[in-house]
Amino acid sequence: MNPHVLFWIPAALRLALIWIGSAVLWYFFGPVVGLLAGLALTTAITVSQLYYLSALDIWLDSPRSDRLPDGWGAWHAVYSHLYRLSHDEEKSKKELTEWLTRFREAMNFLPDGVAILDNVLFLDWCNPVAEKHLGLDLERDRDMRITNLVRNPAFIDYIILGRYDQPLEMKLNDRYLVLQIIPFGNRRHILVTHDRTDTVRTEKIRRDFVANASHELRTPLTVINGFLEVAIAQPDLDRETRLSHLKMMKEQGERMQTLVEGMLTLTNLESNDYPLKREPFNAALLVRQVFEAGQALSAGRHVFALETDGPETLYGSMDEIRTAFTNLVTNAIRYTPDGGKITVTWTATEEGPRFSVKDTGIGIEAKHIPRLTQRFYQVDKSRSRLVNGTGLGLSIVRHILLRHDAKLDIESETGKGSEFSVRFTRRILVP
Ligand code: ADP
């Protein structure tokens with residue numbers, strides 16, 4: 001049977017009872033009593049209906065399932081129905097809110113920026129990455145047109161042309177962004193932004209590296225080719241001239257080899273496939289060996305001093321540390337005129353071990369110091385060429401120190417000398 005019919009039966013029965021009761025009273029006590037009793041009972045029912053109706057009206061002002069009034073008879077059925085409806089609505093509202101919170105949280109963790117724009121490109125919502133990329137503030141900028149918020153000519157053209165199947169690459173607030181608008185739903189739009197700054201910078205570093213490397217290799221190659229051409233054109237050159245040409249070709253060949261080895265070392269140090277092997281080694285002994293190799297290279301042209309009371313055992317790559325220390329000592333020798341003094345120090349400090357090479361050489365102008373560890377950076381190209389410099393030595397030192405959590409300090413004064421110090425942390429002392 002239809003449940004709504006059942007709903008009417010108690011109310012109909014109640015009315016029928018009132019009429020029968022009134023008829024019985026009429027019969028026994030006369031019409032006045034019968035009519036008055038019928039009137040009183042129907043009034044009572046009407047008043048109770050009005051009470052429930054007003055309770056419903058009050059509840060509708062703020063419909064919450066836990067505040068629903070109690071009802072009687074048909075009202076009980078109505079209230080139960082309303083309770084279920086309101087409870088279901090509250091539940092789906094809660095579920096929706098939870099879902100929205102989860103969605104926003106997920107959006108906040110996205111590495112890319114996402115903004116939602118309405119049909120006339122007004123900002124509806126965006127995640128923090130989009131705020132950062134586009135310089136927006138959601139609270140301040142909501143309901144404003146995106147072209148008034150991102151005032152970039154390329155972006156405005158992109159919006160005006162409406163070719164949203166293509167992404168737009170643009171520079172905004174010192175960032176390289178790739179940005180695309182994706183229409184969805186009822187003429188709404190999603191704006192996605194992706195930061196390519198690191199990639200663009202890496203690409204530039206690569207391009208510069210290739211350009212610099214080619215430039216550096218071209219000079220020795222030109223010299224070698226020049227001598228080879230002379231050898232072909234004049235096969236009867238006297239023995240002495242030929243020998244001197246061959247010597248110069250060998251020098252240039254060695255220079256190319258030094259360059260290529262330096263580039264390979266740098267590439268290996270930068271490569272992720274070449275992780276640091278931490279092994280214990282005797283650092284005091286290593287410092288002494290590097291010092292003695294320096295003395296041999298100087299061949300008596302400089303005065304050497306060694307102060308070594310630093311820790312013995314370090315944990316790291318001995319080969320890499322040897323390369324870094326050797327580069328610093330070699331530079332001190334190359335950039336210190338004959339008769340100058342070179343002091344090598346290996347000490348323990350509060351923060352950790354410290355290696356330093358101090359010279360009384362030509363020194364470096366302050367403006368060059370921050371750039372010395374860049375690849376191929378040389379203060380004076382022709383001077384460096386004289387000492388067979390490649391501009392890669394300090395760059396290699398920087399990479400090695402990075403891998404060992406160490407820092408390079410450079411202090412220098414032109415004409416007076418320089419001090420290059422390597423500051424390790426105490427971590428290098430533990431396995
Ligand atoms: P290079 O192979 O040309 O020496 P480096 O990367 O080792 O390249 O050094 C970069 C530049 O720093 C050098 O060209 C030189 O101008 C400067 N430099 C490095 N060490 C010293 C030093 N001890 N005294 C003066 N200048 C130095």
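Both ligands and their constituent atoms are indexed starting at 1 by order of listing. As the structure is a computational prediction, the values presented were derived from the model and not from experiment.
Interface atoms of ligand 1 facing S384, defined by a heavy-atom separation under 4.0 Å, are 3 (O), 14 (O). Set against the non-hydrogen atoms of V379, the atoms of ligand 1 under 4.0 Å away are 14 (O), 16 (O). Below 4.0 Å from some heavy atom of G393 lie the following atoms of ligand 1, by number and element: 5 (P), 6 (O), 7 (O). Applying the 4.0 Å criterion to heavy atoms of R334 picks out, from ligand 1, the atoms 1 (P), 2 (O), 4 (O). Numbered from 1 in the order shown, with element, the atoms of ligand 1 that lie under 4.0 Å from a heavy atom of G389 read 1 (P), 2 (O), 3 (O).
Relative ring orientation between F304 and H302 is described as perpendicular, the plane-to-plane angle rising above 60° on a 0-90° scale split at 30° and 60°.
For T425, the side-chain contact (heavy atoms from CB on, under 4.5 Å) test picks out D405, R427, with sequence neighbours left out.
Here the heavy atom of the protein found nearest to atom 19 (C) of ligand 1 is N331 ND2, 3.5 Å. Of the protein's non-hydrogen atoms, the one nearest atom 3 (O) of ligand 1 is Q378 NE2, 2.8 Å. Considering only non-hydrogen protein atoms, atom 23 (N) of ligand 1 sits nearest to D359 OD2, 2.9 Å. Distance from atom 2 (O) of ligand 1 to its nearest protein heavy atom, with residue and atom name: T390 N, 2.7 Å. Among all protein heavy atoms, the one lying closest to atom 24 (N) of ligand 1 is Y335 CB, 3.4 Å. Of all protein heavy atoms, the one closest to atom 12 (O) of ligand 1 is L372 CD2, 3.3 Å. For atom 1 (P) of ligand 1, the closest non-hydrogen atom of the protein is G391 N, 3.3 Å. Atom 11 (C) of ligand 1 has Y377 O, 3.8 Å as its closest protein atom, hydrogens excluded (heavy atom only).
Between R188 and D118, no side-chain nitrogen of the basic residue sits less than 4.0 Å from a carboxylate oxygen of the acidic one, so the salt-bridge criterion is not met. Taking a cutoff of 4.0 Å between a charged side-chain nitrogen and a carboxylate oxygen, K204 and D208 qualify as a salt bridge. Note on E351 versus R423: no salt bridge recorded, every NZ/NE/NH1/NH2 to OD/OE distance being 4.0 Å or above.
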Practice problem: Before giving the answer on salt bridge (charged side-chain N to carboxylate O under 4.0 Å, His left out), spell out for R375 and E270 the whole-Å C-alpha distance, their side-chain angles and the decisive distance to 0.1 Å. | Solution: CA-CA 12 Å; R375 298 164 199 202; E270 282 178 346; 2.3 Å; yes
Exercise. Kindly indicate, with the supporting measurements, whether the criterion side chain to side chain donor-acceptor pair (under 3.5 Å) is fulfilled by R334 and N331.
Key: CA-CA 5 Å; R334 292 194 302 188; N331 275 353; 2.7 Å; yes
Practice problem: Test I342 against V303 for side chain to side chain contact (heavy atoms under 4.5 Å, CB included), laying out the working first. | Solution: CA-CA 6 Å; I342 292 162; V303 181; over 6 Å; no
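Considering backbone and side-chain atoms together, S395 places no N or O closer than 3.5 Å to any N or O of ligand 1. Checked by distance only, ligand 1 and F420 stay at 3.5 Å or farther apart across all their nitrogen or oxygen atoms. Considering backbone and side-chain N/O of L394, one or more are found under 3.5 Å from N/O of ligand 1. Distances between N or O atoms of I364 and those of ligand 1 include no value under 3.5 Å.
Side-chain polar atoms of S421 and R354 form a donor-acceptor pair below 3.5 angstrom. For the residue pair T193 and D195, no side-chain donor N or O sits within less than 3.5 Å of a side-chain acceptor on the partner.
Close placement of the Y158 and Y164 rings is indicated, their centers lying within 6.0 Å of each other.
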